[in-house]
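Whatever order the structure lists ligands and atoms in, that order sets their numbers, starting from 1.
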Amino acid sequence: MTPSPSDETGPSGAGPSGKKAPPSETRYVFVTGGVVSSLGKGIAAASLGVLLRERGLRVTLQKLDPYINVDPGTLSPLQHGEVFVTEDGAETDLDLGHYERFIDHNLSQDNNTTTGRIYRNVIDRERRGDYLGRTVQVIPHITDEIKRSIRVLAKGHDVVISEVGGTVGDIEGLPFLEAIRQFRQEVGARAFHIHLTLVPYIQAVGELKTKPTQHSVRELMQTGIQPAALVCRTEHPLGEEIRRKIAGFTNVDPAGVIEAIDVETIYEVPLQFRRQRLDDFVLARLGLEAPAPNLAVWKRMVRGIKGPSSGSVRIAVVGKYTELVDAYKSVEQALFHGGIRHDLDVGIDWIASEELEGERDPGFLAEYDGLLVPGGFGSRGIEGMIRAIGWARANGLPFLGICLGLQCAVIEFARNVAGLKGAHSFEFDRASPHPVICLMDEQRKVTTKGGTMRLGSYRARLLPGTAARRCYGADEITERHRHRYEVNNDYRELLAAAGLVFSATTTDGKLVEMIELADHPWFVASQSHPELKSRPTRAHPLFASFVEAAAIRRGGIEIPAAAASS
Ligand code: GLN
């Protein structure tokens, strides 16, 4: 274990000895959750991140996931939500998407680890003989590896916020809790524990109940962790009395009991925390001084979201994991960002593509102002996506295709415009006479599934005079990828002759990155995942332009010239 230079550890550090840590030393905030899952730990962690960043501190966020998969790349989006891909091609938990969107900073593989990854590192080391003669155990070897994965982030950061996935009391989370307990023991007052709980409202008696919070904190204390602050999710204001009661039962300073009442938009949470001075409380405890946060931009954005002045658009997202919005978290957020950019409210209907394979005629899409077909894997629902895209192409409905969405658009065009009967993707029909989407030669040899796709950031060159070039306002761009299949180069000439525009390729020209149609109001698709780079304060240009096209289709909506994308 090699601690980074800025982060010498051990009981001689600050804390138990009572010594104040020098301001240069990295501080650690640990976020745990109790009572039930899905309380929004990721948003809470990211919101604290925003406040600290806006106070001029260098902040990073990390997710520690207790499951045994090495990464979520092989998990079904219906189980675990979207797989968020970072610039360096790491397949990570969707909370990293929230982190990036909130602190407006790119993260990497180091910002997400899992039990599987921790064990793999320890077992690799054991095989190399690094522990020769010793029994390898959860304590200290696994917990040491967890602490190492946290400490790796210290370099260049004033504060590292680590969120532990799952709920206290889960068996699989225990090594992580033990590791963060030890961490506090080692770095003392440079570590701060926040626990997120639920304060339910019981309708029948009209009361808020603190018992689940008491139990959850007790459960956490049994692992040796005394939380310094509690973030209480609630549907009703806590009130001074409940706050004092919770503080009394949990040994938490009343100023550290934060009310997290349901809000209209997740982007309001940092403002909610600021009103209760959570950031002041955390910094005081960590012995850090920083100027008050500058939240002017953030406040303006939230005001815009809550009262859009240019009306609304309705977007149909036709995909295969529509039962779970989390499966398309970044797509949803990027559409909202497009709305923020143009002061529009974006209403999204999630439509299962399978529904479009039977009786249902895609004509109902006429009710919408735009169609988005997002990414996905496997053949279920593909024909429904192709039908929806065909309708959008023929009826001038603005269309944005993402990854699988691009592939389906190419298939649709090949079949119905270029006359290639039976055109398909090699992924779905190995016997297709026209595999317009196929595997690259070098990929054919790969037999394992985990981490074997085209992953992470790739550079693309945009064709002058195209909508893509106009949207981005640049000749070269980078976007993140996560896919195995590519447009088949053998068909490029034929499809181009039929009118398909290949508006972006990799810089060597070998792989198609974007397509579009010239004789259509707005029909653009990308092999990459632009949604992953969209931020609330900086909407991704493709999403901004798509939402704008939808508003124009809806008509009657004035887009102020200054807000219109270039
Ligand atoms: N299944 C397709 C591929 O692997 C598309 C992937 C995606 O949409 N992310 O190429």
Short N or O distance, Leu404 and ligand 1, threshold 3.5 Å exclusive: yes
Taking only heavy atoms of Cys403 into account, list the atoms of ligand 1 that are under 4.0 Å away from them. 5 (C), 6 (C), 7 (C), 8 (O), 9 (N)
Number the atoms of ligand 1 from 1 as they appear, then name those within less than 4.0 Å of a heavy atom of Arg484, with their elements. 3 (C), 4 (O), 10 (O)
Taking NZ, NE, NH1 and NH2 as the nitrogens, is one of them in Arg470 or Glu548 under 4.0 Å from a carboxylate oxygen of the other? no
Report yes if the side chains of Tyr67 and Leu75 come closer than 4.5 Å at any heavy-atom pair, otherwise no. yes
For Met453, which part has a heavy atom under 4.0 Å from ligand 1: side chain, backbone, both, or neither? neither
Just to confirm my output: which protein heavy-atom neighbour is closest to atom 1 (N) of ligand 1, and how far is it? Glu427 OE1, 2.7 Å
Taking the six-membered ring of Phe426 as reference, does the NZ or CZ atom of Arg430 fall below 6.0 Å from its centre and within a 45° cone about the axis? yes
Decide if atom CG of Leu78 counts as having more than 12 heavy atoms of other residues, nucleotides or ligands within a radius under 6.0 Å. yes
For atom 5 (C) of ligand 1, find the nearest protein heavy atom and state the residue, atom name and distance (0.1 Å precision). Gly376 O, 3.4 Å
Are any of the N/O atoms on Gln527, whether in the backbone or the side chain, positioned under 3.5 angstrom from an N/O atom of ligand 1? no
For Gly375, the ligand 1 atoms with a heavy-atom partner under 4.0 Å come out as 8 (O)
Atom 10 (O) of ligand 1 sits nearest the protein heavy atom Tyr485 N, 2.8 Å
Under a 4.0 angstrom heavy-atom cut-off, which atoms of ligand 1 come close to His529? 9 (N)
Please name all residues satisfying salt bridge (Lys or Arg N to Asp or Glu O under 4.0 Å) with Asp326, sequence neighbours left out, ordered by chain then number. Lys329
Determine whether Asp65 and Thr92 make a side-chain contact, defined as any pair of heavy atoms from C-beta on separated by less than 4.5 Å. no
Less than 4.0 angstrom from a charged side-chain N to a carboxylate O is my criterion; do Arg387 and Glu357 meet it? no
Just one of His337, Arg101, Met301 clears the side-chain contact (heavy atoms from CB on, under 4.5 Å) bar with Thr537, so which one? Met301
Numbering the atoms of ligand 1 from 1, which are under 4.0 Å from a heavy atom of Arg482? 6 (C), 7 (C), 9 (N)
